[in-house]
Amino acid sequence: MLPQIQHTNKTTYTYNTMIKTHLSNSNTNPQMALEIYVKMKRNGISCDNYTYPFVLKACKMICGLWEGRQVHGEVMKAGFFDSDVFVRNGLIGMYCKCQQMSCSRILFDCFHGKDLVSWNLMLGGYAECRNMVEAQKLFDEMPERDVVSWSIMIDGYGKKLGLVTHARILFDQMHERDSVSWNTMIDSYAKIGNMVAARELFNLMDHKTLISWTIMINGYSQHQNPKEALTLFNLMLSHDIKPDKFCIIGSISACAQLGALDSGRWLHTYIKKTKIPLDVVVNTTLIDMYMKCGGIEEARAVFDSMLERNVITYNVMISGLGINNSGAEALSYFYQMEQGGMELDDLVYVSVLSACSHAGFVSEGVEIFKRIRNPKVEHYGCLIDLLVRKGEFGKVLNFIGSMPMEPNVDLWGSVLLGCRVWKNVGLGEFAVDRLTEIGGDDRGVYVLMSNIYADSGMWDGVAAMRRIVAVKGVVEGGKSVIEVVGGGVEEFVSGKNGGVRGADIEEVVCSLSKIVDLEYEG
DNA sequence: ATAGGGTTAG
């Protein structure tokens, strides 16, 4: 059947153009597009087969199921469903985005003129709902597949389900791959922290895009290798590739983890210089970086300069002030949030409780804890940490006993740390037993317990702990990182003098040792 | 129709 083209009058054309304008990349405002559509209907102006796909796109962008259903009704009334593939794909896409897969499926099944886009839309919908069983069924039935179909499957298996091996099999089966398929596969590895495999593919890639670099930088940054993240960022710059806001975030976060204040400042300046838009996310990352590097003033300045702030922005302010021994100020931001009617999430409570902990604000901490509607084990952990630091061991045990869930490794870890401070051998032993039970007894636990024994002159205990550590194997030394003048960071590991700047580091350590009376343990 | 972003105690 030939598509039925309705006579398009000038008014309809004008409205269509207005709707389209609000969906263009430069100035997206789907809400406005919908308002124009509503106005169009109210004014009795007829819609044509150009109108509906745009309106449906707007519904999709705002995940507006209710609006989408209204439009669906209009489409059926106007008789466009049977005639226009764009309208039908628009409906399928809208329902997929709203996770209404049964609705999409009905439309899809009764649709005889399906094209590749319709199939891919369905695949994407199932992948989004993590329903790879259905996606696979469709994928097998497809009359033809393009690179998009394959990429959707790789994304579903690799990134959404974490079945990276399976994703890789598909990737290897592809006849032709584009940058999306490569990037999706690389990101699958990066998401599970297999940066070695990610790097291998990245190195093999012929035409790396900015997104490829971003995936790698963020992957390193999120998986305990911030140093490599910065190295890669510099490598990228040396290839004359200009970062955008997505790309620079991973690097700022890497600086935060490394405590690399100068590198962080450099990035901040770079952003301003190159006019990368400073949105909430970039600003929040900057605040976090400054806080973790001890630059409270600069963090505050960023916060004050922001036009839009959200829960995470406040969260990094609160936890950052806590870290920097400004407990009172952290509390003031927390109260500001409460009074502002902001939605408080679990993380905010963790941050504010830990700020109380740093500052020794017991009663405030207890009060805030009471306000948590469904406290999680982390919140209990924070409160335990607070009590333990004050040496309130009686309350600690009562409190643990009252918990509706099992204490976790971190919680017992806090208890053990408190026992070190207060030289509490009995409770320390108890905590070690609990940690052993739940499999949280890494070597650090025994080293800590050994220290507790040592503080009380219990040398048999010390020897027992050492035996366990010996059996458990070699401890990986603590790593430290310093920023090197002139850019870059250098890593060094206790007990090893290696590394590029080993000799320099040795010299610094020697000079420091003369000033500070270093205490060697273990 | 498919790909990249920020926060959590010790």
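Protein chains get the first letters and strands the later ones, always in sequence-line order, with residue 1 at the start of each. What's counted below: heavy atoms across the whole structure, side chains too, no hydrogens, waters or symmetry copies.
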Could you tell me whether A/Trp213 and A/Phe202 have their ring centroids closer than 6.0 angstrom?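 Between A/Phe202 and A/Trp213, which both carry aromatic rings, the centre distance is below 6.0 Å.
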For A/Tyr349 and A/Phe334, I'd like to know if the aromatic rings sit close, meaning centre-to-centre distance below 6.0 Å.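 Close enough - the centres of the two rings lie under 6.0 Å apart.
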May I ask you to evaluate whether [X] reaches the phosphate of [N], defined as a side-chain N or O under 4.0 Å from OP1 or OP2?
{"X": "A/Ser253", "N": "B/dT7", "result": "yes"}
{"X": "A/Arg389", "N": "B/dA9", "result": "no"}
{"X": "A/Lys159", "N": "B/dG4", "result": "yes"}
{"X": "A/Lys160", "N": "B/dA3", "result": "no"}
{"X": "A/His358", "N": "B/dG10", "result": "yes"}

For DNA chain B, the residues among residues 171-195 of chain A that have a non-hydrogen atom under 4.0 Å from it: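 Going residue by residue through residues 171-195 of chain A, the ones with a heavy atom under 4.0 Å of DNA chain B turn out to be A/Ser179, A/Val180, A/Asn183, A/Thr184, A/Asp187, A/Lys191.
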Of the residues in residues 405-419 of chain A, which ones touch DNA chain B at a heavy-atom distance under 4.0 Å?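 By residue number: A/Asp410, A/Leu417.
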Mark yes or no for a side-chain to base donor-acceptor pair under 3.5 Å between [X] and [N], with no hydrogen or angle criteria applied.
{"X": "A/Asp244", "N": "B/dG4", "value": "yes"}
{"X": "A/Thr284", "N": "B/dG6", "value": "yes"}
{"X": "A/Asp279", "N": "B/dG5", "value": "yes"}

Counting side-chain heavy atoms from CB outward, which of B/dT8, B/dA1, B/dA3 is closest to A/Lys292?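 Minimum distance to the A/Lys292 side chain belongs to B/dT8.
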